[in-house]
Number of protein chains: 2
Amino acid sequence: MWSQTSSYALRTLGYLATHRDRWILGKEIAEQTGIPANYLSKVLSQLRKKGLVRSLKGWGGGFQLREDALSSPILGVLELFDGARDAEACPFGLPRCDAGNPCPLHARWERIRGEIDSMLTTVTVGQLRKGPA
Amino acid sequence: MWSQTSSYALRTLGYLATHRDRWILGKEIAEQTGIPANYLSKVLSQLRKKGLVRSLKGWGGGFQLREDALSSPILGVLELFDGARDAEACPFGLPRCDAGNPCPLHARWERIRGEIDSMLTTVTVGQLRKGPA
DNA sequence: ATCTCAATGGATAACATCATCCATAGAGAA
DNA sequence: TTCTCTATGGATGATGTTATCCATTGAGAT
């Protein structure tokens, strides 16, 4: 549904959201989430540039979720890695369909798309925290 | 959302569903739908093997939609090119989430997934026909 | 039989995504 | 300063998807 990389980003943020009390090594995130360490470093780098994550080099360093990232909708994360989705585009790539000239799937898809958008804008990074059962 | 190739397949079937009165050249489909002609031939070949489309070589030949394809759900087409989707998989690749240990997105996604499945099994190839306004 | 039309299918190339390797830079410890 | 730890970033490789090229096959027209 979304790219592997986006999935990595969400998992990473979920892990950081769960451990906000200290600096987390990239290596630790990789081990705990199963994301390839080398690739993860690229993902973390982008999350840092985007301001979702803070980093500290050297001994005792690592990564941390930034405070204001907690309330950030996950839509922003997905867009960062998958690019902005064309909200208008027919997911089937059918010839231009819109309200005036709908393809057979248009109306049904319109509704589903709305629910997905609602989910992505409502759920925040902070809510990716792995809570106690 | 789905692969480019699946989109091509749906557009192709839509075009064939709209012109059921004669044999349609692959070239014509390519021109009218904007699908690369050479690549389209592969897609058509798979549609033929799957029994959705009939072909005729030589002068006056081309492609035609098969009668029974009209009532076939488009889900089958998507699975043909994208492979069967893992219905259980969390679209975010988050650590195994299920009813017992749901990720924050689980419940919301469950519902959306149901609607998508419903759409894909309900809409048929015949309904891809480009009807008169 | 021969010619032309058009699908068929194998081989290959272009491209993006995913992943790894390695050298460098920054920061605290000794 | 010097050492170790750890993020940073450039270069490269692996893989899957998308696209193209070309030779072959089948079928009707003449």
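Every chain is numbered from 1 and lettered A, B, ... according to where its sequence line falls, protein lines coming before strand lines.
- Listed pair B:Arg48 / C:dA6 fails the phosphate criterion, with no side-chain N or O lying under 4.0 Å from OP1 or OP2.
- Rounded to an integer number of Å, the gap from B:Asp82 CG to D:dT17 P is 9 Å.
- Of the possible polar contacts, one joining the B:Thr124 side chain to the B:Leu70 backbone as a donor-acceptor pair under 3.5 Å is found.
- Atom-to-atom, CD of A:Glu31 to P of D:dT6 comes out at 12 Å; the value is rounded to the nearest Å.
- Remark: P of C:dT8 and CZ of B:Arg54 are 13 Å apart, rounded to the nearest angstrom.
- Distances shown here put every side-chain N or O of B:Ser45 at or beyond 4.0 Å from the OP1 or OP2 atom of C:dT8.
- In this structure, B:Leu80 atom CG and D:dT17 atom C1' are separated by 15 Å, rounded to whole Å.
- Without hydrogens or angle criteria, B:Thr121 side chain to B:Asp117 main chain gives a donor-acceptor distance under 3.5 Å.
- For the pair B:Ser55/B:Gln64, no side-chain contact is recorded, criterion being any heavy-atom separation below 4.5 Å from C-beta on.
- The phosphate of C:dA16 (OP1 or OP2) has no side-chain N or O of B:Gln4 nearer than 4.0 angstrom.
- Among D:dT6, C:dG9, D:dA19, the nucleotide with an atom closest to any side-chain atom of B:Lys49 is C:dG9.
- Across A:Arg108 and B:Thr122, no two heavy atoms sit closer than the pair NH1-CG2, 3.3 Å.
- Within the 4.0 angstrom heavy-atom criterion, no nucleotide atom of any strand lies near B:Leu44.
- Between the CD1 atom of B:Ile24 and the P atom of C:dA7 there is a distance of 11 Å, rounded to whole Å.
- Closest to the side chain of A:Lys57, from the set C:dA19, D:dA7, C:dA7, is D:dA7.
- One interatomic measurement links the two molecules: CD of B:Glu28 to P of C:dA7, which rounds to 10 Å at whole-angstrom precision.
- Rounding to whole angstrom units, CD of residue B:Gln46 and P of D:dT18 are separated by 11 Å.
- Note: CH2 (B:Trp2) to C1' (D:dT17) measures 18 Å, nearest angstrom.
- Toward the 5' end of DNA chain D, the nearer of the two residues A:Trp59 and A:Asn38, judged by each one's closest nucleotide, is A:Trp59.
- When the side-chain nitrogen and oxygen atoms of A:Ser55 are compared with OP1 and OP2 of D:dT8, one or more of them lie within a distance under 4.0 Å.
- Taking side-chain N and O atoms only, A:Tyr8 has a distance below 4.0 Å to OP1 or OP2 of C:dA19.
- Counted by atom type alone, A:Ser3 and A:Tyr8 present zero donor-acceptor pairs between their side chains at under 3.5 Å.
- Residue-level contact check: B:Lys42 touches the bases, meaning some heavy atom is under 4.0 Å from a base atom.
- Take the nearest nucleotide of DNA chain C for A:Gly58 and for A:Tyr39: the residue whose nucleotide is more 5' is A:Tyr39.
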